[in-house]
Amino acid sequence: MAVPKRRLSRARQANRRSHLALERTQLVRCTHCGAMIRPHTICKACGHYRGRQITQAQSD
Ligand SMILES: [Zn+2]
């Protein structure tokens, strides 16, 4: 197994980890019913995607 030759300084480790944070999920409005949904997904509230009915709305 490969073994690192030198230990990383704290600064190098922190610089690498500066890109690891998770971003918030983006939400857009459903064009049919206005509910907040993730982009490029079928709307759970009304079952529409790109202006067409794909599935039946889920009733909870
Ligand atoms: Zn909808």
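First listed ligand is number 1; within each ligand, the first listed atom is number 1.
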Between the Zn ion (ligand 1) and His32, is there an N, O or S atom separated by less than 2.8 Å? no
Is it true that some N/O/S atom of Cys46, main chain or side chain, lies under 2.8 Å from the Zn ion (ligand 1)? yes
From CA spacing to verdict: side-chain contact (heavy atoms from CB on, under 4.5 Å), Thr55, Ile42: CA-CA 8 Å; Thr55 60; Ile42 297 173; 3.9 Å; yes
Report yes if the side chains of Ile37 and Val28 come closer than 4.5 Å at any heavy-atom pair, otherwise no. yes
Decide yes or no for Thr25 and Arg38: does some side-chain heavy atom of the first lie under 4.5 Å from some side-chain heavy atom of the second? yes
Are the side chain of Gln53 and the backbone of Cys46 linked by a donor-acceptor contact shorter than 3.5 Å? yes
To the nearest 10°, what's the angle at the Zn ion (ligand 1) between atoms SG (Cys33) and SG (Cys43)? 110°
